[in-house]
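Have a look at the structure below, then the notes.
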Amino acid sequence: MNVNFKEMTNSELRAYIKEHRSDDEAIRELFVNRRSPDETATWYSFPHNAEGLKQGEEIISAKIKENKLEE
């Protein structure tokens, strides 16, 4: 049976997978091909040394303080 997973909505694809749990192609379409990256994520690149660790800790502390002020 040829099924076009790209034309299915996410709900339709989930329902299909519930009925056809061993269909690796359908599972791959839902959980790999349709995965959307978090657009609000911020990626930081620090050196892997003591200075980089310090920079990371400072950013995390600032984000925690920022979130507490918003609450």
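Quantities reported herein were computed from a predicted structural model and do not represent experimental measurements.
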Item to check | All pairs passing salt bridge (Lys or Arg N to Asp or Glu O under 4.0 Å) where residues 42-69 contributes a residue, at least two apart | outcome: none
Checklist outcome for this item: Residues joined to Y44 in its hydrophobic cluster, side chain to side chain under 4.5 Å directly or through other members, sorted by chain and number, are F46, I59
Checklist entry - Which pairs count as salt bridge (Lys or Arg N to Asp or Glu O under 4.0 Å) when at least one residue sits in residues 14-30, sequence neighbours excluded? => result K6-E29, E29-R34
Checklist outcome for this item: When rounded to the nearest 0.5 Å, the distance separating CD1 of I17 from CG of L13 is 4.0 Å
Checklist entry - Quick one: side chain to side chain contact (heavy atoms under 4.5 Å, CB included) partners of T9, sequence neighbours excluded? => result S11, E12
Checklist entry - Who passes side-chain hydrogen bond (donor to acceptor under 3.5 Å, both in side chains) against N4, sequence neighbours left out? => result E7
